[in-house]
Amino acid sequence: MITLHQINKDFSGPRGTVKALSGIDLHIQKNEFIVIRGPSGSGKTTLLLTIGGMLCPTSGRLTVGSRDIYALNNHHRARFRGEEIGFVFQLFHLVPYLSLLENVQLPLGILPGERHKDEEQARFFLNRLHLGERLDFFPSEVSAGEKQRAAIARAVIRKPAVVLADEPTGNLDPQNAAEIAGYLADIHQEGGTVIVVTHGLDCDPYADRIIHLDQGRVISP
Ligand SMILES: Nc1ncnc2c1ncn2[C@@H]1O[C@H](COP(=O)(O)OP(=O)(O)O)[C@@H](O)[C@H]1O
Ligand SMILES: [Mg+2]
C-alpha cells in the first residue's frame with residue numbers, strides 16, 4: 001500500500017549538508033502495525049514526515065496505493081494528508097486556546113450545517129478515550145496523558161487510513177504510555193495502518209514489524 005523507493009533526504013544549511021535519509025526502500029502493507037526505532041538523529045522523524053506527505057524527499061518516490069504522492073500538486077497532496085493521514089506528536093501540539101472538544105473538531109474544518117454532526121463525532125471519540133468529563137477543559141488544565149489522548153482523538157477523527165505517531169509516549173509515565181499503546185493497537189485492530197516511532201517497548205507486542213534506522217538507513221538489528 002505504501003512504497004518508498006530509494007528515498008533520500010538531504011538538509012542543507014550553513015554548516016553543510018546532512019543526509020537525513022539514504023536510499024530507503026520500504027513496503028508497508030495496508031493494516032500493518034510498524035514500530036520504528038533508532039538513535040536520536042537517525043532520521044525517524046524525517047521518515048515519518050516523508051511518509052505523511054509533509055516533507056518532500058530530495059530524490060526517490062513515495063507511492064500510496066497508485067498515487068505518486070510528491071508528483072501530486074500541493075492541493076492534491078494536502079487533500080491526501082487531510083483525508084488519509086493522522087499524525088500524533090510527542091509534544092501533543094494541541095491549540096492552547098481551544099478546549100479539548102474544539103481541538104478534536106479542528107481537522108473537520110468548518111462545513112456549513114455540519115457543526116452539530118462534527119461536535120457529536122468529536123464527543124464520541126473523546127468519550128471513547130475516556131475524556132468525556134474533560135470536553136470543556138483547556139490543554140493547560142489536563143494531564144500529559146489526557147493531552148495525548150485528545151491528540152489521538154484529533155488524529156483519528158477523519159478516520160484516516162494511516163496513523164503516524166512520533167514518539168507519542170516519550171513524555172508520558174509508564175501507565176499512560178501503556179494506555180496510548182493500547183489505543184494505537186485498537187486503531188490497528190479496526191483496520192488502520194499504524195506507524196509509530198518509539199523508544200519504549202509498549203507497542204512491541206502489537207507490532208507486525210520493527211524497523212531499525214541508523215544514520216538514515218534501514219538496518220537489520
Ligand atoms: N529541518 C532540518 N534542517 C536541518 N537538518 C535537519 C532538519 N531536520 C532534521 N535534520 C537533521 O537530519 C537528521 C535526522 O533528523 P531526524 O529525522 O529529526 O532524526 P530523529 O527523529 O531520528 O531524531 C539529524 O541529523 C537532524 O539534525
Ligand atoms: Mg525525531
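Predicted model only: the values in this text are computed from it and were never measured. When a ligand or atom number is given, it counts from 1 through the structure's own listing order.
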Around [atom], find the nearest protein heavy atom and jot down its residue, atom name and distance.
atom                    : result
atom 18 (O) of ligand 1 : Thr45 CB, 3.7 Å
atom 22 (O) of ligand 1 : Lys44 NZ, 2.7 Å
atom 10 (N) of ligand 1 : Phe11 CD1, 3.4 Å
atom 24 (C) of ligand 1 : Gly41 O, 3.8 Å
atom 19 (O) of ligand 1 : Gly43 N, 3.2 Å

Neighbour count above 12 (heavy atom, 6.0 Å) for Arg77 CZ:
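Result for CZ/Arg77: enclosed.
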
*Checking side-chain contact (heavy atoms from CB on, under 4.5 Å) for the pair Arg37/Ile210: CA distance, chi angles, key distance, verdict?*
CA-CA 7 Å; Arg37 256 205 256 292; Ile210 299 177; 4.1 Å; yes

Quiz item: side-chain contact (heavy atoms from CB on, under 4.5 Å) between Asp25 and His5: does it pass, once the steps are laid out?
Solution: CA-CA 5 Å; Asp25 282 316; His5 181 68; 3.7 Å; yes

With only distance considered, is Val18 within less than 3.5 Å of ligand 1 through an N or O on each side?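 No; every N/O pair is 3.5 Å or more apart.
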
Heavy atoms only: which of Asp166, Asp214, Thr46 is nearest to atom 17 (O) of ligand 1?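 Shortest heavy-atom distance from atom 17 (O) of ligand 1: Thr46.
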
- Message: Tell me the nearest of Gly38, Ser40, Ser12, Ala20 to atom 12 (O) of ligand 1, using heavy-atom distances.
- Response: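 Shortest heavy-atom distance from atom 12 (O) of ligand 1: Ala20.
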
- Message: Parallel, tilted or perpendicular: which one describes the rings of Phe87 and Phe89, with boundaries at 30° and 60°?
- Response: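 Rings of Phe87 and Phe89: tilted, 30 to 60°.
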
Margin query: Whether the Asp136 and Ser99 side chains hold a donor-acceptor pair (N or O, under 3.5 Å, no angle test) is what I'd like checked.
Written below: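 There is no such pair between these side chains.
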
Check whether the side chains of Asp166 and Thr45 place a donor and an acceptor atom closer than 3.5 Å, and report yes or no.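 There is such a pair between these side chains.
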
Exercise for review: Answer yes if a protein heavy atom lies under 4.0 Å from atom 26 (C) of ligand 1, otherwise answer no.
Suggested key: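 Within 4.0 Å of atom 26 (C) of ligand 1, no protein heavy atoms are found.
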
- Give the C-alpha distance, both sets of side-chain angles, the deciding distance and a yes or no for side-chain contact (heavy atoms from CB on, under 4.5 Å) between Val64 and Phe80. CA-CA 10 Å; Val64 178; Phe80 157 76; 3.9 Å; yes

*Between the Mg ion (ligand 2) and Thr45, is there an N, O or S atom separated by less than 2.8 Å?*
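Yes, within the cut-off.
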
Could you tell me whether Glu190 and Arg128 have a side-chain N and a carboxylate O separated by less than 4.0 Å?
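Answer for the salt bridge query: yes.
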
Take every heavy atom of Pro39, measure it against each atom of ligand 1, and state whether any distance is under 4.0 Å.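 Pro39 counts as a contact of ligand 1 under the 4.0 Å cut-off.
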
